[in-house]
Engineer: 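Structure in structure tokens, see below.
Both backbone and side-chain heavy atoms feed into the values below; hydrogens, waters and symmetry mates do not.
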Amino acid sequence: ENLPWAGKTWKVSMKFAIAFIIGDTEMHDKLCGRFQNRTDKVQKLCRHCDCPINWSHIPSKNTKKVRKLFLPLDLDKERRSIQQLKLMSYHPIRNVFHQMNFGTNPNNIHLATPGEKLHMHQLGVAKRALVSFVDRHCKTKNSAHHMKMESLCSTFGAQLTRQSDRNFPRTKFSSDYLSSVKKE
């Protein structure tokens, strides 16, 4: 194509890189060729890193020196056996995205599929933070410490219900505050 600019006509060829792909966790996992389930049968926790699922709750084992982001070559069907790919929680496919231009993103589709709020934050980190807090500070559900924390949460939750900001999340629950079950 010819592009007029600054009084001259230039012969140009434009190439556009893919910055990111909008979607949910399920679709992103499919596009990356990753296993869909999150049970104990799956070896790796997510499509963004190589953290084993049984290490996901041990921060000291998941340092930058030990864990790394997936690189597209790690998942190349030609370089890996079917068993190796299964151990990485990926299907043995030739992923068409590995041939596409993602600009300066060396991790290709695997970092062009950002985590979304519901699955990765609200049902992931936020839920795990509450469970970890309760496990660490409350020995049993009926311990004095647990009951005091529930009482404080109920008091603050009730005080925050009468405010005018419609974007403020619900703070009063009929169930225990320190239970993550109904807060999903």
Side-chain angles (χ1 to χ4, degrees), residues 1-3 10-135 166-170 179-184:
E1 294 286 327
N2 294 328
L3 179 70
W10 301 85
K11 187 172 182 164
V12 296
S13 176
M14 293 187 173
K15 295 181 182 180
F16 296 94
I18 300 169
F20 60 92
I21 297 173
I22 298 172
D24 66 353
T25 298
E26 184 178 344
M27 185 191 74
H28 286 160
D29 282 349
K30 287 178 182 178
L31 293 175
C32 291
R34 190 184 183 288
F35 292 169
Q36 294 294 300
N37 59 359
R38 302 279 190 278
T39 64
D40 59 348
K41 305 248 186 280
V42 175
Q43 301 292 318
K44 303 296 180 179
L45 182 62
C46 74
R47 68 181 173 274
H48 295 132
C49 68
D50 67 347
C51 176
I53 211 159
N54 59 341
W55 286 11
S56 61
H57 66 290
I58 308 170
S60 62
K61 290 197 176 210
N62 295 313
T63 64
K64 288 182 181 178
K65 292 178 183 175
V66 178
R67 304 287 105 213
K68 68 179 179 87
L69 293 173
F70 276 131
L71 297 174
L73 292 178
D74 291 344
L75 302 171
D76 190 352
K77 183 181 171 194
E78 307 304 320
R79 294 177 182 219
R80 300 282 183 171
S81 70
I82 292 174
Q83 189 59 30
Q84 286 174 317
L85 288 168
K86 284 184 178 180
L87 287 173
M88 297 168 74
S89 301
Y90 277 81
H91 295 287
I93 61 171
R94 180 174 288 146
N95 196 325
V96 69
F97 285 106
H98 292 176
Q99 316 305 314
M100 294 184 178
N101 181 4
F102 283 85
T104 60
N105 174 359
N107 296 298
N108 204 279
I109 183 87
H110 307 283
L111 281 186
T113 51
E116 34 90 25
K117 184 179 175 184
L118 174 66
H119 291 100
M120 292 190 85
H121 182 72
Q122 291 174 336
L123 297 179
V125 177
K127 183 177 177 183
R128 296 288 176 240
L130 178 61
V131 170
S132 297
F133 178 81
V134 171
D135 287 349
R166 296 253 184 233
N167 294 324
F168 198 75
R170 190 178 88 172
S179 168
S180 64
V181 176
K182 292 187 179 180
K183 315 278 181 307
E184 299 174 353

Engineer: Quick one: salt bridge (Lys or Arg N to Asp or Glu O under 4.0 Å) partners of K30, sequence neighbours excluded?
Structural biologist: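 If we apply the salt bridge (Lys or Arg N to Asp or Glu O under 4.0 Å) test to K30, skipping adjacent residues, the hits are E26.
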Engineer: Applying ring-ring contact (aromatic ring centres under 6.0 Å, His included), which residue pairs with at least one partner in residues 14-37 are found, sequence neighbours left out?
Structural biologist: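 The answer is F35-H91.
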Engineer: I need the F97 CZ to I18 CD1 distance, nearest 0.5 Å.
Structural biologist: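 CD1 of I18 is found 6.0 Å from CZ of F97.
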Engineer: Grab the two heavy atoms, one from A112 and one from A19, that are nearest each other, plus how far apart they are.
Structural biologist: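 That would be CB-O, 3.9 Å.
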Engineer: Contact between Y90 and C32 at the side-chain level, heavy atoms closer than 4.5 Å - yes or no?
Structural biologist: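 With C-beta onward as the side chain, the pair touches.
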Engineer: Check whether any side-chain N or O of N105 sits under 3.5 Å from a backbone N or O of N107 as a donor-acceptor pair, and report yes or no.
Structural biologist: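 Yes; judged by distance alone, with no hydrogens or angles, the pair exists.
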Engineer: At what distance, to the nearest 0.5 angstrom, does CG of N108 lie from CD of Q99?
Structural biologist: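 Interatomic distance, N108 CG to Q99 CD, rounded to 0.5 Å: 8.5 Å.
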Engineer: Among all residues two or more places apart in sequence or in another chain, which pass the ring-ring contact (aromatic ring centres under 6.0 Å, His included) test with F102?
Structural biologist: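 F102 satisfies ring-ring contact (aromatic ring centres under 6.0 Å, His included) with no other residue.
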Engineer: Checking V96 now: which residues fulfil side chain to side chain contact (heavy atoms under 4.5 Å, CB included) with it, not counting sequence neighbours?
Structural biologist: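 V96: side chain to side chain contact (heavy atoms under 4.5 Å, CB included) contacts with M100.
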Engineer: Using the side-chain hydrogen bond (donor to acceptor under 3.5 Å, both in side chains) criterion, which residues pair with S89? Sequence neighbours excluded.
Structural biologist: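 If we apply the side-chain hydrogen bond (donor to acceptor under 3.5 Å, both in side chains) test to S89, skipping adjacent residues, there are no hits.
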Engineer: Please name all residues satisfying side chain to side chain contact (heavy atoms under 4.5 Å, CB included) with N101, sequence neighbours left out, ordered by chain then number.
Structural biologist: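 So N101 forms a side chain to side chain contact (heavy atoms under 4.5 Å, CB included) with A17.
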Engineer: Residues in side-chain hydrogen bond (donor to acceptor under 3.5 Å, both in side chains) with N95, at least two apart?
Structural biologist: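 In terms of side-chain hydrogen bond (donor to acceptor under 3.5 Å, both in side chains), with neighbours along the sequence ignored, N95 is linked to no residue.
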